Structure formats: C-alpha cells, structure tokens
Protein chains: 2
Amino acid sequence: MKKVKQNTETGRTYGGESAADRLARQRRQFMDAGLELFGTIGYRATTVRMLCKQAGLIDRYFYKTFHDTEDLLVEVYTEAVDQIKDKVILAIAEAADLGNPELQINAGLDAFFTAYENARVARVCWLEVLGVSPRIDALYTSRIQDFGDLLLLQGKAIKPSWSLPEEETRITGIALVGAIIQSAMQWLLDDYRSPRAALVNANSRLIRSLLESGQ
Amino acid sequence: MKKVKQNTETGRTYGGESAADRLARQRRQFMDAGLELFGTIGYRATTVRMLCKQAGLIDRYFYKTFHDTEDLLVEVYTEAVDQIKDKVILAIAEAADLGNPELQINAGLDAFFTAYENARVARVCWLEVLGVSPRIDALYTSRIQDFGDLLLLQGKAIKPSWSLPEEETRITGIALVGAIIQSAMQWLLDDYRSPRAALVNANSRLIRSLLESGQ
DNA sequence: TACTTCTGATGGCGCTTGTCGTCAAATAGT
DNA sequence: ACTATTTGACGACAAGCGCCATCAGAAGTA
C-alpha cells in the first residue's frame with residue numbers, strides 16, 4: 001500500500017519547477033496542441049496520441065489534467081472566445097472617447113474580425129464545436145447569447161430610445177451575431193479573400209440600419 | 001471466371017421489383033436512415049453498421065450505392081437543402097400575388113422556419129455538415145451563397161433602387177442568411193421554445209430596415 | 001425440374017482507438 | 001550515497017471500426 005500521490009501539494013520540484021508549475025506548463029502545452037490540431041485537421045480527427053506528440057508529452061499527463069479530448073476542446077474553445085470577447089469590449093471602450101457611435105461599432109467589428117483572422121481559432125470556434133455533444137452545444141449557445149447581449153447593450157448605449165418587442169429582443173441580438181459570424185465563416189472558408197474592411201462595413205451598415213429604423 | 005455483374009441493366013427482377021427499382025428503394029432507405037441517425041446521434045457517431053441496421057439492409061447494398069458515410073451525408077444534406085429552398089421559393093412566389101413586399105418576405109421566412117421545425121433536418125444542415133472535410137465545406141459555402149443570392153435578388157425585386165458597394169453586396173447577402181440561420185439554430189438548440197412568429201418578425205424587421213436605409 | 005441470381009446472416013481480417021502497466025534513466029530530498 | 005519521486009519510451013489489451021468472404025435459402029428463369 002504505497003502512496004502514489006502526486007498532488008499539486010504533495011509533489012516535489014523537478015527540473016527546477018514546482019509540482020504546480022509543471023502541471024500548469026503541461027496544461028498550456030496541451031492547450032496549444034489542441035488549438036493547433038483542432039484548428040487544422042479538426043476535432044474528430046484528433047487523437048490523444050497526436051495531442052501528446054504535438055505537445056511533446058506523454059498520455060499520462062494528458063489524463064492527469066483532462067478527462068477527454070472533448071474536455072480539452074471545451075477549454076480551448078472557452079479560452080479563445082473569452083479572449084476575443086475581451087478584445088472586442090476593449091476596442092469598443094477605447095473608441096468611446098471619439099464620441100461617434102458609428103466609429104464605436106466599427107471598432108468592435110474590426111477587433112472581432114482581426115481576432116478571427118487566426119484560422120485555427122476561427123475553425124475551432126465555428127466549425128469544430130458544433131454538434132459534438134449536448135454539453136458543448138449548451139456552451140456554444142450560451143456564448144452566442146453573451147455576444148448577442150453585448151450587441152444589444154451597445155445598441156441601447158448608442159441609441160437609448162431603441163426598443164423592440166419583448167420576445168424579439170433576444171432573437172434580434174442573436175440574429176445580428178449570426179450575421180457577423182456567418183460572413184466571417186464564409187471569409188474563413190474562402191481563404192480570407194475579401195478585405196477585412198468590407199466585412200466591417202457590411203455588418204456595420206446592417207447594425208446601423210436596424211438602429212435607425214427601429215425607433 | 002464467372003460474371004458477377006449486377007448492374008442496373010443486367011439485373012433481373014426480384015420480389016416484384018426491377019433491379020433499378022431495388023437500387024432506388026435501397027438508396028431511399030439509406031437516405032432515411034442517414035437523416036435519422038445524422039440528425040439524432042450525429043454524423044461522427046454514426047457507423048456503417050448502424051446505418052444498415054436502421055435501414056434494414058446489409059452493408060453490401062450500402063457500398064453498392066455510397067462510397068462512404070461522408071458520401072451519404074453529402075446526399076442527405078443536399079436533398080434537405082434543395083427541398084427547403086424549393087419551399088421558400090414557392091412561398092415567396094405565392095405571396096407575390098398579394099402585392100405587399102413585407103408579406104412576401106414574411107412568407108419566405110415562415111416557410112424557412114417551418115421547414116426547419118424538423119429537428120433532424122436542422123441538425124444535419126447546421127451542426128453536422130460543418131468541419132467534416134474540405135469537400136463538404138465547399139458544398140456548404142456554395143449553398144449558403146445560393147441562399148444569400150436568393151435574398152439579394154428578392155430585395156432588388158422589392159426595391160429596385162436598392163444598391164450596395166460592389167464588394168459588400170455578396171457579404172451582405174451572406175450576413176442576412178447568417179442572421180436567419182443563427183436565430184434558427186439557437187431556436188433548435190433551445191428546443192423550439194420561442195413561437196415561430198417571433199423568429200419571422202425579428203428577421204423580417206432586420207431585412208426591411210436594411211432595405212429602407214440603403215437607398 | 002435444373003440452374004442462376006439475389007438476399008440476409010454470420011464471422012473474420014487488419015487497423016486504430018483509448019487506456020493502462022512496465023521499466024530504465026533522470027532528478028530531488030536526506 | 002541512498003531512497004523516493006518523476007519522467008519518457010515502449011508495449012499490450014479489449015473494443016470498435018470499415019470492409020470483405022462465405023453460405024444457406026429464397027426468388028426468378030429456362
């Protein structure tokens with residue numbers, strides 16, 4: 001009955017790293033490997049062996065941090081979406097100083113499309129997470145909803161008089177997010193052929209026209 | 001060296017069916033099985049064995065008609081999308097008699113959302129086809145583009161003076177399709193909780209506001 | 001009736017997968 | 001120096017996969 005513990009707390013240092021540091025580094029290596037593989041060959045084609053080879057680690061350390069490849073997908077997706085949401089919020093906030101609502105919308109959209117010029121991130125966020133499991137479906141819908149709410153909030157901020165029928169508000173926010181995502185998705189699948197400004201302008205016009213009409 | 005031919009032409013009748021009839025029936029059985037399984041447990045979880053069990057046939061007949069499960073997915077997806085596109089076009093054409101552009105838009109949207117109240121179809125068209133292979137990605141983008149063009153054409157028909165910068169026209173069409181799809185997707189993943197009319201109205205407003213503003 | 005074609009059932013082949021165990025070498029604590 | 005922990009390399013295992021071959025019986029054909 002030997003203790004086989006290798007907890008974060010009981011573990012000793014190795015290679016100049018504490019147990020916690022090693023765990024964190026391994027996690028990061030697997031996250032990077034996940035983004036790389038999920039974003040290129042795709043989630044369903046990615047195996048544990050491949051992830052380990054890409055990360056330069058062995059499977060024991062994968063199972064120590066993640067339960068599944070699905071588990072890893074959840075974390076890679078969440079990290080990517082959260083980072084992009086932060087960038088968009090930051091861009092909108094910075095543009096607020098200009099006092100021009102249109103420039104604010106454009107700044108947010110530009111930050112969004114710029115972030116998704118990383119094809120791996122784009123592929124994971126839009127092509128790979130869909131239809132994997134009910135758990136991930138729920139995660140996806142919640143993130144889309146978040147973005148929709150952000151858009152609605154921004155719309156209200158720009159034009160306080162703007163209002164829609166109760167039941168259609170949420171749907172409209174989601175629809176706007178869908179417009180942005182779909183154009184970005186086609187952009188990705190078309191090897192980013194159009195200039196980013198065209199994407200920004202087309203979606204900006206769509207949002208502005210809705211804000212102007214619905215008074 | 002026996003001839004093992006069982007071509008459509010050389011085959012004889014069996015069970016009261018000609019060789020061509022049998023092939024067509026088997027194909028239909030596999031198409032139905034494909035929609036059922038792809039639309040419930042998902043494409044990546046579906047195996048040839050399952051499809052055969054669901055279709056009530058054995059694998060020999062699967063390989064006679066399809067090369068892959070991916071092959072079957074392509075055909076199931078194409079059939080579904082084509083049928084829905086036909087329904088939408090028909091609904092728009094029928095509403096043309098009323099002479100009211102708004103009613104025409106609503107009729108098309110209502111036909112669209114009605115068709116996608118079939119969760120299996122919706123799941124195949126939006127959650128399962130994405131990120132499977134470059135071949136299917138290309139098929140998907142082309143169908144989205146088709147729908148976008150249909151929308152732009154309809155917009156021009158309703159308001160001939162409507163025009164956008166060259167490069168942003170296609171993108172705008174895709175964005176509108178994205179708005180419709182995303183709201184429908186969230187509808188699906190939310191177990192169709194909202195009334196269909198809310199979806200129709202929210203998207204109709206979005207389209208009309210764009211038509212009105214862009215003059 | 002004899003012969004050929006078609007069908008469903010069954011099992012097997014080679015391969016890949018997730019997962020676990022073993023073992024020698026490297027490192028750290030005492 | 002001695003012991004315990006950590007590491008990477010390697011192999012093994014059952015399970016499931018696509019795919020193919022075989023075989024008895026049903027259904028047509030002559």
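Below, chain A is the first sequence line, B the second, and so on; all start at residue 1. Being a predicted model, the structure only gives us computed values, none of them experimental.
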S.K.: Strictly distance-based, threshold 3.5 Å: is any side-chain N or O of A:Asp71 a donor or acceptor partner for the main-chain N or O of A:His67?
M.R.: yes

S.K.: Counting only side-chain N and O atoms of A:Arg22, is one of them less than 4.0 Å from OP1 or OP2 of D:dT7?
M.R.: yes

S.K.: Do we see a donor-acceptor contact under 3.5 Å between the side chains of B:Gln26 and B:Arg22?
M.R.: no

S.K.: Looking at side-chain heavy atoms only, is the closest gap between B:Val200 and B:Phe113 below 4.5 Å?
M.R.: yes

S.K.: Looking at B:Asp32 and B:Arg28, does any basic side-chain N land under 4.0 Å from a carboxylate oxygen?
M.R.: yes

S.K.: Indicate yes or no for a side-chain donor-acceptor contact from A:Asp191 to the backbone of A:Arg193 under 3.5 Å, with no hydrogens or angles considered.
M.R.: no

S.K.: How far does CD1 of B:Ile92 sit from CG of B:Leu153, to the nearest 0.5 angstrom?
M.R.: 9.5 Å

S.K.: Among A:Ile171, A:Thr141, A:Val177, which residue meets the side-chain contact (heavy atoms from CB on, under 4.5 Å) test with B:Gln186?
M.R.: A:Thr141

S.K.: Rounded to the nearest angstrom, tell me the gap between atom CD1 in B:Ile58 and atom P in D:dG25.
M.R.: 16 Å

S.K.: Just to be sure I understand the geometry, which residues of residues 33-42 of chain B put a non-hydrogen atom under 4.0 Å away from DNA chain C?
M.R.: none

S.K.: Rounded to the Å, how far apart are B:Phe66 CZ and D:dG18 P?
M.R.: 15 Å

S.K.: For A:Arg25 and D:dG8, give me the distance from atom CZ to atom C1', rounded to whole Å.
M.R.: 13 Å

S.K.: Can you tell which of D:dC20, D:dC17, C:dT19 lies closest to the side chain of B:Arg49?
M.R.: D:dC17

S.K.: Given atom NZ of A:Lys64 and atom C1' of C:dT19, what is their separation to the nearest angstrom?
M.R.: 16 Å

S.K.: Just by distance, do the side chain of A:Ser183 and the backbone of A:Ile180 share a donor-acceptor pair under 3.5 Å?
M.R.: yes

S.K.: Taking for each residue the nucleotide of DNA chain C with the nearest heavy atom, is it B:Asp59 or A:Thr46 whose nucleotide lies nearer the 5' end?
M.R.: B:Asp59

S.K.: Rounded to the Å, how far apart are A:Asp68 CG and C:dT17 P?
M.R.: 16 Å

S.K.: Only one of A:Leu199, A:Asp110, A:Asn106 clears side-chain contact (heavy atoms from CB on, under 4.5 Å) with A:Ser204; which?
M.R.: A:Asn106

S.K.: Could you state the atom-to-atom distance from CG of B:Leu51 to C1' of D:dG18 in whole Å?
M.R.: 12 Å

S.K.: Through what angle, rounded to 10 degrees, does the axis of the helix from C:dT1-D:dA30 to C:dT30-D:dA1 turn between its ends, using five pairs per end?
M.R.: 0°

S.K.: Can you figure out which of D:dA9, D:dT22, C:dC20 approaches the side chain of A:Arg60 most closely?
M.R.: D:dA9

S.K.: Is a donor on one side and an acceptor on the other found under 3.5 Å between the side chain of B:Arg123 and the backbone of B:Glu128?
M.R.: no

S.K.: Classify the angle between the aromatic ring planes of B:Tyr77 and B:Tyr140 as parallel (below 30°), tilted (30 to 60°) or perpendicular (above 60°).
M.R.: tilted

S.K.: CD of B:Gln26 versus P of C:dC6: gap in Å, rounded?
M.R.: 11 Å

S.K.: List every contact pair, protein side and nucleotides 26-30 of chain C side both N or O, where the distance is under 3.5 Å.
M.R.:
from	atom 1	to	atom 2	distance (Å)
C:dA26	N3	A:Tyr14	OH	3.1
C:dT27	O4'	A:Tyr14	OH	3.3
C:dT27	O2	A:Arg12	NH2	2.5
C:dA28	OP1	A:Gly15	N	3.1
C:dA28	OP1	A:Gly16	N	3.3

S.K.: Whole-Å distance between C:dT10 P and B:Lys53 NZ?
M.R.: 11 Å

S.K.: Given C:dT17, D:dG8, C:dG8, which nucleotide is nearest the side-chain atoms of A:Tyr61?
M.R.: D:dG8

S.K.: Can we call the ring centroids of B:Trp126 and B:Tyr116 under 6.0 Å apart?
M.R.: yes

S.K.: Reckon B:Tyr63 has a side-chain N or O less than 4.0 Å from the OP1 or OP2 of D:dC19?
M.R.: yes

